[in-house]
Amino acid sequence: MTRFYITTPIYYVNDVPHLGHAYTTIAADALARFHRAIGDDTRFLTGTDEHGLKVEQAAAARGLSPLQLADQVVERFRDTWKQLDIANDDFIRTTETRHKQVVADIWKRIEAAGDIYKGSYEGWYCVSCEAYYGEGDLVEGKRCPVHKSEVSWLSEPTYFFRMSRYGDRLLEHFAKHPSFVQPEGYKNEVVSFVKSGLRDLSVSRTTFKWGIPVPGDEEHVIYVWIDALTNYMSALGAIDGDLHRRHWPATCHLIGKDILKFHAVYWPCMLLSAGLPLPETVFTHGWWTVRGEKISKSMPATRVDPNRLGEDIGVDALRYYLLREVPLGLDGDFSYEALIGRYNAELANDLGNLVSRSLTVAQKFCAGAVPPRSAGRGEQSHGELEQVAREVIQDAHDNYAAYAPSRALEAIWRLVREGNRYINNTEPWKLAKDPARRDELDHIIRTALEVLVCVARMVAPVMPKTAEQILALVGMVGERGQEAMHRWPQADRFGAELELGAPLGPSTILFPRIDEARQAALLETWIPKDARIGEPQVAPQEAPAADGAEVTFDEFGRMDLRVARVLTAEPVPKAKKLLKLTVDVGEAQPRQVVAGIAEAFRPEELIGRSVIFLANLKPATIRGVTSQGMILAAGADAVLGLSAVDRDLPPGTRIR
Ligand code: MSP
């Protein structure tokens, strides 16, 4: 039996699920469903990445331990996947024991191969990437080439992985396995990266604690990417166990282009060193922007909420749009208007009409039961339709199998449109007037219903609920329905799937058309009013609540106020009121804040001062600079003085 093991990246728990995460997961789910339908021994894994500095900082900013934060956010991911009909076989969290054991095992294998040595590392660190960069990699001054956020200089003792040893073997592997990195364009990118020479990789950290300890040296935690990549294997249990033997190597790691290097270079090098087989394919999908903008926390209008869309327009419609709109591998731009456009044209119109019209004629002329197929066979219109169905079954199959769900759907719509044309051309309502042509009428209606079965089964990987509904409407319920739903149709069985006399459902509108009024109402609720696209959100500068307005003790208690020490201060270019500060708030890493105090203080006056700091203010981007909290100052309009504590207290001390 062919194996098919597909994975999504494991998502960081410093953010809640958004459109980008939903996209990867929906695409992987559709591919897994297809492979189950063609009988492959399929496994589909997703999960969460819970270690590392990024998560530690996000937790500290909320006054939580990293595990408390992870426990909360992981539920958001699980709920979202449930709501979006994601049928994963397993969900891995990197804080689980089963994961930690395999990470330690892989580390030891790499160590036993002589590929781990101790040294020290200095470099520019990007917390968003959880990676070091060389001076030459930085852009726009000292910014990360991926996130464009500021990097910080770190220096620490570290263990290195001798990755430099594996460049040639990796290039050989690429040459022998041309489909290892897909699509082709990404392969070229990876090959030239490897050809430019691999450096040894720093694979442990001492500057924070939130991670898996290095076996034998608890001072170090294992670098989060080594930890994270191993999830694909740890979810299968011990390396000599049954699940591992059955499913490893993975058939496909489906990933976003931002993490290609980790999957197509670091991970295979680790596996080569550990003496374990490499995954078959690393498939990179493109990047979604939202109405032209990158999805980002500081721009609420880009934070498309997949749950919300699923509730308002239907989960299947969202799944369909995402997989149909952009071929897997290319970048795409999300727009609500395009979503509604495809919904109306392809779901309400093409597919919805086919379903409602076929059932209308079947109810009217066949007394609501599946009619026989008989006379009239071989006539041109039937023959053509059957031929199209057979071709489409093959075409859609080949495209799903080639990671091209968009083209598979395109192929299926050829049959949907052909089905509508068939009903138009054969005009069953006219035939019904001539009792002598009863057999022909039955055959036509039967054929239209068979098209529905075939379409339902082929769209099932992308639109499982819709498929189930259609099958139930044509009398395929219970075991028969389940069997149809979960098996890919066979071309030579087209026309013979339905059970003669099975009761049909009523003519049903599966996708009610979204008219202009409803479209306007939906857009109104979907697009946040407080932030327009193209304008970064600036921290609110509202007047304080009217004097005398009360807050409850609980409301006050939600403020995470702490002592903070100013470490650095500098002007923000072209903003005469703003200073950019870094402050020590008792966490592993300093925070960066933008404060509107430049007219009252010179930067050098501030360094070393202790101030009162609001640590759980929602981060914001002000003039392109991220601000992670707020310094309290006196003065309503102009700043008159800075908050302070009356004695020397350690940074991080709570204020209450
Ligand atoms: N934790 C790492 C991955 C470790 S895998 C061993 C990580 N997590 S993440 O939460 O940042 O999610 C990354 C993945 O989410 C991307 O690789 C991509 O699959 C998906 N996407 C996030 N934003 C996206 C878009 N705007 N567009 C498309 N996919 C995006 O990186």
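Atoms within each ligand, like the ligands themselves, are counted from 1 in listed order. Counting from 1, the numbers follow the sequence of the chain as shown. For clarity, every value in this text was computed on a predicted model and none was experimentally measured.
- Of the listed residues (T24, I10, T94, N14), the one carrying the non-hydrogen atom nearest atom 19 (O) of ligand 1 is T24.
- With a heavy-atom cut-off of 4.0 Å, D258 touches ligand 1 through its side chain alone.
- The protein atom (non-hydrogen) at minimum distance from atom 29 (N) of ligand 1 is H285 CE1, 3.3 Å.
- Close contacts between ligand 1 and G286 involve ligand atoms 28 (C) [criterion: under 4.0 Å to a heavy atom].
- For R319 and D85, the salt-bridge test fails: no basic side-chain N is under 4.0 Å from an acidic carboxylate O.
- Side-chain polar atoms of E346 and Y320 form a donor-acceptor pair below 3.5 angstrom.
- Nearest approach of V55 to E50, heavy atoms of both residues: CG1-O, 3.4 Å.
- Using a 4.0 Å cut-off between charged nitrogen and carboxylate oxygen, R76 and D79 do not count as a salt-bridge pair.
- Listed by number with element, the atoms of ligand 1 under 4.0 angstrom from any heavy atom of A228 are 6 (C).
- Considering backbone and side-chain atoms alike, G256 places an N or O below 3.5 Å from some N or O of ligand 1.
- Judged by the shortest distance from any of its heavy atoms, W225 lies inside the 4.0 Å radius around the atoms of ligand 1.
- Among protein heavy atoms, atom 9 (S) of ligand 1 sits closest to Y12 CD1, 3.7 Å.
- Between the side chains of H99 and D227, at least one donor N or O lies within less than 3.5 Å of an accepting N or O.
- The heavy atom nearest to atom 15 (O) of ligand 1, out of those in H21, H263, K257, is found in H21.
- Near Y232, meaning under 4.0 Å from any of its heavy atoms, are these atoms of ligand 1: 5 (S), 6 (C).
- Counted by atom type alone, E156 and T158 present zero donor-acceptor pairs between their side chains at under 3.5 Å.
- Counted by atom type alone, T466 and D316 present one or more donor-acceptor pairs between their side chains at under 3.5 Å.
- Among W287, Y23, Y266, the residue whose heavy atom sits closest to atom 30 (C) of ligand 1 is W287.
- Ranking the protein heavy atoms by distance from atom 27 (N) of ligand 1 puts W288 N, 2.9 Å first.
- Note on R303 versus D15: salt bridge recorded, some NZ/NE/NH1/NH2 to OD/OE distance being below 4.0 Å.
- For atom 14 (C) of ligand 1, the closest non-hydrogen atom on the protein side is Y11 CE2, 3.9 Å.
- Aromatic pair F161/Y266: ring centres not closer than 6.0 Å.
- For ligand 1 and D49, the ligand atoms under 4.0 Å from any heavy atom of the residue are 1 (N), 2 (C), 4 (C).
- Every atom of ligand 1 with a heavy atom of I295 under 4.0 Å away is listed here by number and element: 26 (N).
- Using a 4.0 angstrom heavy-atom cutoff, H18 counts as in contact with ligand 1.
- F34 has its ring centre no less than 6.0 Å from the ring centre of F4.
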